Structure formats: C-alpha cells, structure tokens
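The next block holds one structure in the form of structure tokens; read it before the comments.
Residue numbers run from 1 in the order of the sequence given. What you see is a predicted model; the values in this text were computed from it and never measured.
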Amino acid sequence: RHPLTMMKFAIVLVALVAAVAAQQPRPCQAPKQFEARVILYDTLRNQEFVEAYLSYDDTLQRKRYVFRSFQGGTQHTGEVIELWASKTRYEIDYASRTCNKTTITRPFIPHSVVANATFRGDFIIGSGNEGT
C-alpha cells in the first residue's frame, strides 16, 4: 500500500468520526398529517371492539374517524369529525342517519413524541397484510 493513500484514508476517517461526534441529538418529529387504521379491544370486559380509520391533520388541527364498533352484540357504524379551529365536533350515526353537532371543550393535543422520550427498542405492531 502506498503511504499517501493510507494517509488520505486516515484523514477522511478522522473527519468522518469528528462529523458524527459533533452532531447534536434532536427529538423525533411526528408527521403533521397522516392516516392510520386503529383497532381497540377491551380485553378486561371482553365487550367492545372498535375498528376505525383515522385522518389526522396537525396543521389545521382536525381529526376524522370512520368507525365500526361492536358492543354487547350490537354493531355501530359512523363517523366523528373534530375541527378545533371552530371548536366543533360532528358525530354521524350511519344507521340512524343522524348528525349530532357539539362544542369541543378540551384543547387540541398533537400526536407527537414527548420531549423526554427514551428509546426502548424496535417494535412491529401489526403487518401490511390486511388478511392477518
């Protein structure tokens, strides 16, 4: 090996290590808009199962859930739209074809990673296969 090549390699390696060491850690940022499938199941009472599709918009502070739930042997389907700019919540019942408009009294809490979060490991929740 040529000594000049080894010296260039050593300089690049030292510069790379210095650049990595100089980085300041930054907290993770949650996406400002996303869509998700949410499944909730009450395992203690074994009574309620909820499946919902969530549309979330942090920028305009709004959420929309399209859901179906099973409680006590009865299925409910509907939609909830929450608009924090106007402090308005719409609850739409698909079966009765009714819409209930209420005022939102709680503050908008963004989905985010808390500032003092600690990495605990990697987890896989569910899969991309709808048949699973």
Side-chain angles (χ1 to χ4, degrees):
R1 300 216 173 205
H2 194 274
L4 187 56
T5 303
M6 291 301 289
M7 187 173 205
K8 287 180 185 177
F9 176 74
I11 291 171
V12 169
L13 183 61
V14 167
L16 184 60
V17 169
V20 169
Q23 291 182 3
Q24 294 296 317
R26 293 177 296 174
C28 295
Q29 297 294 317
K32 296 292 183 186
Q33 292 88 22
F34 65 85
E35 292 186 346
R37 181 176 177 203
V38 180
I39 297 176
L40 305 170
Y41 184 67
D42 185 344
T43 57
L44 295 177
R45 292 179 292 195
N46 200 17
Q47 292 180 342
E48 185 174 18
F49 171 82
V50 178
E51 178 182 32
Y53 292 93
L54 165 65
S55 299
Y56 171 80
D57 183 356
D58 184 320
T59 306
L60 297 175
Q61 295 188 341
R62 58 190 182 173
K63 296 180 186 180
R64 175 179 178 247
Y65 303 90
V66 177
F67 69 90
R68 68 183 178 125
S69 67
F70 301 93
Q71 187 172 21
T74 304
Q75 177 176 317
H76 302 278
T77 57
E79 187 170 336
V80 174
I81 301 170
E82 298 173 321
L83 308 169
W84 269 267
S86 62
K87 302 281 189 210
T88 307
R89 175 185 167 103
Y90 298 94
E91 296 177 40
I92 303 164
D93 185 323
Y94 290 166
S96 66
R97 302 179 68 104
T98 58
C99 178
N100 185 23
K101 180 180 173 183
T102 58
T103 301
I104 298 174
T105 57
R106 67 188 188 284
F108 179 80
I109 300 174
H111 291 271
S112 63
V113 179
V114 295
N116 63 348
T118 303
F119 179 74
R120 298 285 186 196
D122 294 324
F123 300 93
I124 297 173
I125 301 173
S127 71
N129 185 352
E130 289 289 325
T132 304

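Residues forming a side-chain contact (heavy atoms from CB on, under 4.5 Å) with Ile109 (at least two apart in sequence, or on another chain): none. The side-chain contact (heavy atoms from CB on, under 4.5 Å) search around Ile11 returns Met7, not counting sequence neighbours. Not counting sequence neighbours, the partners of Thr98 by the side chain to side chain donor-acceptor pair (under 3.5 Å) test are Ser96. Residues meeting the side chain to side chain donor-acceptor pair (under 3.5 Å) test with Tyr56, sequence neighbours left out: Asp58. Residues forming a side chain to side chain donor-acceptor pair (under 3.5 Å) with Tyr90 (at least two apart in sequence, or on another chain): none. With sequence neighbours excluded, the residues satisfying salt bridge (Lys or Arg N to Asp or Glu O under 4.0 Å) with Arg106 are Glu82. For the side chain to side chain donor-acceptor pair (under 3.5 Å) test, residues two or more places apart in sequence or in another chain that qualify with Glu91 are Arg89. With sequence neighbours excluded, no residue forms a salt bridge (Lys or Arg N to Asp or Glu O under 4.0 Å) with Asp93.
For the atom pair CD (Gln33) and CG (Leu60), the distance works out to 7.5 Å, reported to the nearest 0.5 Å. Distance check: Thr88 OG1 to Arg62 CZ gives 13.5 Å after rounding to the nearest 0.5 Å. For the atom pair OH (Tyr53) and CZ (Arg37), the distance works out to 4.5 Å, reported to the nearest 0.5 Å. Rounded to the nearest 0.5 angstrom, Ile92 CD1 and Lys101 NZ are separated by 12.5 Å. Note: Thr105 OG1 to Lys87 NZ = 9.0 Å, rounded to the nearest 0.5 Å.
Heavy atoms from other residues, nucleotides or ligands lying under 6.0 Å from CZ of Phe34 number more than 12.
Considering only heavy atoms from C-beta on, Lys63 comes within 4.5 Å of Trp84 through its side chain. Within the 4.5 Å cutoff, side-chain heavy atoms of Phe49 are placed close to those of Ile39.
Under the salt bridge (charged side-chain N to carboxylate O under 4.0 Å, His left out) criterion, no residue pair touches residues 107-118, with sequence neighbours excluded.
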Sequence neighbours left out, cut at 3.5 Å: what donor-acceptor pairs do the side chains of residues 73-80 make with other protein atoms?
from, atom 1, to, atom 2, distance (Å)
Glu79, OE1, Tyr94, OH, 2.6
Glu79, OE2, Arg64, NE, 2.7
Glu79, OE2, Arg64, NH2, 3.2

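Not a single donor-acceptor pair under 3.5 Å links the side chain of Thr59 to the backbone N or O of Asp57.
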